Undergrad: 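The structure that follows is given in the form of structure tokens.
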Number of protein chains: 2
Amino acid sequence: MLSGMANPTSGRSRQAARNDVTILAAAKEVFLADKRAPVAAVAERAGVGISALYRRYAGKEDLLRRLCHDGLLTFIDQAERAAATADDWAAFEAFVHGVVEADVHSLTVHLAGTFTPTEEMSADAVRADALATALFERARPQMRAEAVPADLTMLLEMCAAVRVPDPVRTTSLRRRYLAMLLDGLRAGMALPGPAPSWAELSWRWLPRQDPPV
Amino acid sequence: MLSGMANPTSGRSRQAARNDVTILAAAKEVFLADKRAPVAAVAERAGVGISALYRRYAGKEDLLRRLCHDGLLTFIDQAERAAATADDWAAFEAFVHGVVEADVHSLTVHLAGTFTPTEEMSADAVRADALATALFERARPQMRAEAVPADLTMLLEMCAAVRVPDPVRTTSLRRRYLAMLLDGLRAGMALPGPAPSWAELSWRWLPRQDPPV
DNA sequence: ATTGAAGCGGAACGAAGCATTCCGTTCCGA
DNA sequence: TCGGAACGGAATGCTTCGTTCCGCTTCAAT
């Protein structure tokens with residue numbers, strides 16, 4: 001085995017390695033558009049057969065879990081990068097922008113509940129929450145008085161609801177309404193009703209079969 | 001036929017008339033929670049058999065259409081009531097509050113596309129849009145410069161995305177974030193990217209089978 | 001050249017889920 | 001007493017999907 005794997009663009013294992021990322025990217029696209037999409041749709045989008053997919057993942061749930069975990073890691077990454085920014089509000093803003101841009105929210109929250117989470121995932125979720133809360137707290141002095149960290153979750157949720165057929169336009173529009181939301185987060189009169197508690201939002205992570213819209 | 005229908009709370013036709021509203025209310029609840037819910041779920045929620053439902057509607061699509069049309073009429077009604085308010089911003093605010101409170105948005109936009117609309121529905125949709133735009137225009141002087149009527153659609157969309165298992169709490173939280181959104185609609189610096197056009201938002205009314213999450 | 005197996009495509013299979021129909025029953029109203 | 005409106009719910013037939021299986025291709029080591 002002189003070469004190990006000789007040709008960089010050819011060879012069986014090269015193709016296989018490329019399929020790894022292709023399938024994952026296809027899965028992200030497909031499940032972002034429809035979280036209930038069939039597995040076959042992912043394979044079709046990736047331009048591979050179903051076997052290529054089942055060779056890599058034990059089943060649909062396994063793929064979903066991987067996708068969700070990847071999103072969670074992106075979330076954490078964005079938080080850590082943004083935390084380096086000196087200005088408190090700028091750091092918070094950079095973080096939220098990064099999360100919205102990457103469309104991470106749909107991958108985590110919307111897919112959560114469709115599989116039983118790993119312990120590692122749960123730990124990462126806690127870590128992600130801690131990082132996000134820290135960023136929020138830094139920026140809080142510049143927000144209206146009633147703002148709480150749980151509001152961040154809902155802001156992201158609302159941004160994820162902005163969706164048109166064209167993905168590029170979707171991103172553009174999300175920027176628009178994120179700006180509005182952040183402006184609303186900073187100024188205004190007293191907000192009606194009690195703020196959301198963490199408990200009220202954590203139901204998303206519980207296993208469920210029902211498809212809320 | 002002395003009595004016509006004697007006992008007000010009993011009698012076959014009385015029960016039937018009551019089922020009319022019961023089924024419609026059940027359908028609203030069920031399809032609000034999951035627009036892809038099976039017809040049987042509606043019957044179960046209403047506490048009736050499936051026949052009782054199929055006696056009233058030609059099929060699932062028929063029921064969906066009816067539900068959507070009802071929502072559209074509620075939307076129009078809210079707009080007309082709000083239009084009577086003298087203060088321009090107060091009128092707009094009352095309208096949006098009313099629509100969010102009634103959770104009309106999910107009934108119209110989210111259900112649109114799951115059936116072929118009636119001509120009457122299309123006409124009502126145009127009428128609804130005109131009324132909403134008028135309300136918007138009246139309040140526009142108090143908004144940030146770039147605001148356009150299409151923004152209203154997205155604001156409602158974002159409010160509809162606020163959802164927790166408890167319906168009462170959902171309404172409460174929507175009030176909270178609607179307040180934030182309206183504050184953001186009024187003040188702030190320049191918004192990024194072009195505003196949405198009507199054409200970009202009208203795709204929702206086109207027949208489709210895909211379930212965008 | 002041979003060959004063993006990794007990778008793979010896609011048909012086939014079996015389990016669900018669901019809209020709709022059908023039939024037997026109940027009970028109002030004359 | 002009786003016709004039939006209204007109904008409950010099982011039965012039907014179809015579609016959708018996750019998963020498995022079989023045979024083919026391709027690569028690398030011999």
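Computed from a predicted structure; not experimentally measured. Lettering follows sequence order; numbering is per chain, from 1.
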Undergrad: Grab the CG-C1' distance between Leu63(A) and dC17(D) for me, whole Å please.
TA: 15 Å

Undergrad: Please tell me if Asn19(A) has a side-chain N or O lying less than 4.0 Å from either OP1 or OP2 of dG7(C).
TA: no

Undergrad: Is it true that Arg174(A) and Glu101(A) make a salt bridge, defined as a side-chain N closer than 4.0 Å to a carboxylate O?
TA: no

Undergrad: Under a plain distance cut-off of 3.5 Å, with no hydrogens placed, do Arg18(B) and Gln15(B) share a side-chain donor-acceptor pair?
TA: yes

Undergrad: What heavy-atom pair brings Asp151(B) and Glu146(B) nearest, and what distance separates the two atoms?
TA: OD2-O, 4.1 Å

Undergrad: Grab the CD-C1' distance between Gln15(A) and dA28(D) for me, whole Å please.
TA: 17 Å

Undergrad: Between Asp62(B) and Arg66(B), is there a side-chain N and carboxylate O pair less than 4.0 Å apart?
TA: no

Undergrad: Is Glu80(A) salt-bridged to Arg127(A), going by a charged N under 4.0 Å from an acidic O?
TA: yes

Undergrad: What protein N or O atoms touch nucleotides 24-27 of chain C N or O atoms at under 3.5 angstrom, if any, and at what distances?
TA:
unit_1: dT26(C); atom_1: O2; unit_2: Arg12(B); atom_2: NH2; d: 3.0
unit_1: dC27(C); atom_1: O4'; unit_2: Arg12(B); atom_2: NH1; d: 3.4

Undergrad: If you measure from the Lys or Arg side-chain nitrogens to the Asp or Glu carboxylate oxygens, is any gap between Arg36(B) and Asp34(A) under 4.0 Å?
TA: yes

Undergrad: Out of dC7(D), dC21(D), dG9(D), which nucleotide sits closest to the side chain of Ala16(B)?
TA: dC7(D)

Undergrad: Could you tell me whether a side-chain N or O of Glu61(A) sits under 3.5 Å from a main-chain N or O of Thr116(A), the two making a donor and an acceptor?
TA: yes

Undergrad: Quick one: Leu64(B) CG to dT20(C) P, roughly how many Å, whole number?
TA: 11 Å

Undergrad: Between Lys28(A) and Asp103(A), does any side-chain N to carboxylate O distance fall below 4.0 Å?
TA: no

Undergrad: Using a distance-only test with no angle check, is there a side-chain donor-acceptor pair under 3.5 angstrom linking Ser172(A) and Arg175(A)?
TA: no

Undergrad: Under 4.0 Å from OP1 or OP2 of dC8(C): is there any side-chain N or O of Arg56(A) that close?
TA: yes

Undergrad: Please report, rounded to the nearest Å, how far the P atom of dA6(D) is from the CG atom of Leu53(B).
TA: 15 Å

Undergrad: Any idea which of dC8(C), dG8(D), dG9(C) is nearest the Arg55(A) side chain?
TA: dC8(C)

Undergrad: If the sugar-phosphate is the primed atoms plus P, OP1 and OP2 and the base is the rest, what is the B/S/- string for nucleotides 12-19 of chain C, using protein heavy atoms under 4.0 Å?
TA: ------SS

